[in-house]
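As structure tokens, the structure follows; a few thoughts come after it.
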Amino acid sequence: MSTGNDGTGGRRVFDAHLHVVDPRFPLVPNDGYLPPEFTVSDYTRRVAGLGVVGGAVVSGSFQAFDQTYLLDALGALGDGFVGVTQLPASVADEEILSLDACGVRALRFNVRRGGSESLSHLDTLARRVHELAGWHAELYIDARDLDDLGDLVGALPVASIDHLGLSAEGLPHLLSVVEKGIRVKATGLGRGTLDVAAALTALVAVNPRAVMFGTDLPSTRAPRPFADSDLEIVADAVGSEHVEAVFYGNAAEFYRMAEPLAAARTSC
């Protein structure tokens, strides 16, 4: 699916972090919170004109271990989109491989909000899905927690941190794991306490391949939701030499978009 690129100067965008909230599928209140509806159709209308040519649909705390919404969303969005799911440690190998055939490419650990498997299984489960299906791990975590968890996270085969790690205080710890090869999503710019531009400049200075833009739509519970102007905030901060990589190339490589999706995806 391509939503066009009017107003982006021809820039391609791989949206490395988006959510779909479809009430046709199970939702689990998180601390009493249920998000408003945000369907595939809502998403495609919202990003029309932003240059989006693909992206990663990320499971939220309120979706727990449900896969039905994710498979439906991937089928509707098409081959440019992949999934980031949540799974219990008890998941069978066969389910992981089945999800992989349908376009799932990563496993999320939602440390901040819950709804995912606990950190006690991070190392073993992240290594298992990587060895079995080539998946990486994604963590929604305040980077301040990397003071204690940095060695564990930095030693994972492949992993990323959501929303720039959220906190100004955690930025030094975030930069430390980026030096070890961990990726970072430039998403949720209105969620944290960071000087976003300064953080992005510091991150690309450490590893320009690490940073991946995403809209974080529909920005559930964010103090400031995504705005179209966020693209220019990111572009200005990373510099013209890194724009193509941050908006498209880094995430396309990270989510293995060069690998053809299984022919069976249409039956998922």
request  = Taking the side chain as every heavy atom from C-beta outward, state whether Tyr140 and Leu166 have any pair of such atoms under 4.5 Å apart.
outcome  = yes
query = So do Phe81 and Val52 actually touch side chain to side chain, heavy atoms under 4.5 Å?
reply = yes
ask   = Is there side-chain contact between Leu203 and Leu175, with at least one heavy-atom pair below 4.5 Å?
value = yes
message = Less than 4.5 Å apart, side chain to side chain, heavy atoms only: is that true for Val13 and Leu50?
response = no
query = Do Thr39 and Ser41 have a side chain donor and acceptor closer than 3.5 Å?
reply = no
task = Quick one: closest heavy-atom pair of Ala251 and Met212, and the distance?
result = CA-SD, 3.7 Å
Nearest-0.5 Å distance, CG of residue Leu119 to CG of residue Leu125 = 11.5 Å
query = When clusters are formed by joining ILVMFWY residues with side-chain heavy atoms under 4.5 Å apart, either directly or through shared neighbours, do Tyr69 and Val28 land in the same one?
reply = no
Least distance between heavy atoms, Ala106 atom then Glu138 atom = CB-OE2, 3.8 Å
query = Looking at Ser167 and Ala143, what are the two nearest heavy atoms and their distance?
reply = OG-N, 4.3 Å
request  = Check step by step if salt bridge (charged side-chain N to carboxylate O under 4.0 Å, His left out) holds for Glu259 and Arg105.
outcome  = CA-CA 11 Å; Glu259 300 178 17; Arg105 292 293 179 264; 5.2 Å; no
remark   = Rounded to the nearest 0.5 angstrom, the CG-CG distance for Leu171 and Asp195 is 9.5 Å
task = Taking Ser116 for its side chain and Asn110 for its backbone only, find out whether a donor-acceptor pair lies under 3.5 Å.
result = yes
key: Backbone N/O of His173 and side chain of Asp147: donor-acceptor pair under 3.5 Å   = no
query = Backbone N or O of Val20 within a donor-acceptor pair of the Gln63 side chain at under 3.5 Å?
reply = yes
Check: Asp230 side chain, Ala227 main-chain N or O, donor-acceptor pair, under 3.5 Å = yes
request  = Evaluate side chain to side chain contact (heavy atoms under 4.5 Å, CB included) for Ser160 paired with His17, printing each intermediate quantity in order.
outcome  = CA-CA 11 Å; Ser160 66; His17 197 101; over 6 Å; no
message = I need the minimum non-hydrogen distance between Val84 and Arg108, along with the two atoms involved.
response = CG1-CB, 3.9 Å
inquiry  = Quick check: His136 with Tyr255 (ring centres under 6.0 Å apart)?
reply    = yes
From Leu231 atom CG to Phe213 atom CZ, the distance as rounded to the nearest 0.5 Å = 4.0 Å
task = First locate atom CG of Asp145, then atom CG of Leu174, and finally report the distance between them rounded to the nearest 0.5 Å.
result = 12.0 Å
inquiry  = Assess the residue pair His130 and Leu156 against the criterion (side chain to side chain contact (heavy atoms under 4.5 Å, CB included)); give the C-alpha distance rounded to whole Å, side-chain angles, the decisive distance to 0.1 Å, and a yes or no.
reply    = CA-CA 10 Å; His130 180 70; Leu156 294 175; over 6 Å; no
inquiry  = On a heavy-atom basis, which atom in Val153 and which in Ile182 lie closest, and how many Å separate them?
reply    = O-CD1, 3.4 Å
task = Report yes if some heavy atom in the side chain of Val178 is under 4.5 Å from a heavy atom in the side chain of Arg209; otherwise report no.
result = no
request  = Please test Lys185 against Asp15 for salt bridge (charged side-chain N to carboxylate O under 4.0 Å, His left out), starting from the C-alpha separation and ending with a verdict.
outcome  = CA-CA 10 Å; Lys185 293 189 181 185; Asp15 186 352; over 6 Å; no
query = Counting only N and O atoms by type, is there a donor-acceptor contact under 3.5 Å from the side chain of Thr187 to the main-chain atoms of His163?
reply = yes
note = Looking only at heavy atoms, the pair that brings Leu70 and Gly83 closest together is CD1-CA, 4.1 Å
query = With distance as the sole test, does Ser98 use its side chain to make a donor-acceptor pair with the main-chain N or O of Glu94 at under 3.5 Å?
reply = no
message = Show, in sequence, the C-alpha distance, side-chain angles and deciding distance for Leu99 and Leu87, and conclude whether the side chain to side chain contact (heavy atoms under 4.5 Å, CB included) test is met.
response = CA-CA 11 Å; Leu99 290 169; Leu87 292 169; 4.0 Å; yes
Carboxylate-amine/guanidinium proximity below 4.0 Å for Arg191 and Asp162 = no
message = Given 3.5 Å as the limit, does a donor-acceptor pair link the side chain of Ser176 with the main chain of Pro172, or not?
response = no
query = Is a donor on one side and an acceptor on the other found under 3.5 Å between the side chain of Arg46 and the backbone of Phe38?
reply = no
ask   = Does the side chain of Ser59 come within less than 4.5 Å of Phe65's, by heavy atoms?
value = no
key: Sub-4.5 Å side-chain heavy-atom contact between Val211 and His242   = no
message = Looking at Glu244 and Arg12, is there a salt bridge between them, counting it only when a charged N and a carboxylate O are closer than 4.0 Å?
response = yes
message = Quick check against the 3.5 Å criterion: does Gln67 have a side-chain atom that pairs as donor or acceptor with the backbone of Gln86?
response = yes
query = For Asp151, does the CG atom have more than 12 heavy-atom neighbours from other residues, nucleotides or ligands under 6.0 Å away?
reply = no
query = Step by step, would you call Asp142 with Glu169 a side chain to side chain contact (heavy atoms under 4.5 Å, CB included)?
reply = CA-CA 9 Å; Asp142 190 313; Glu169 300 90 335; over 6 Å; no
Ile141 side chain reached by Phe109 side chain, heavy atoms, under 4.5 Å = no
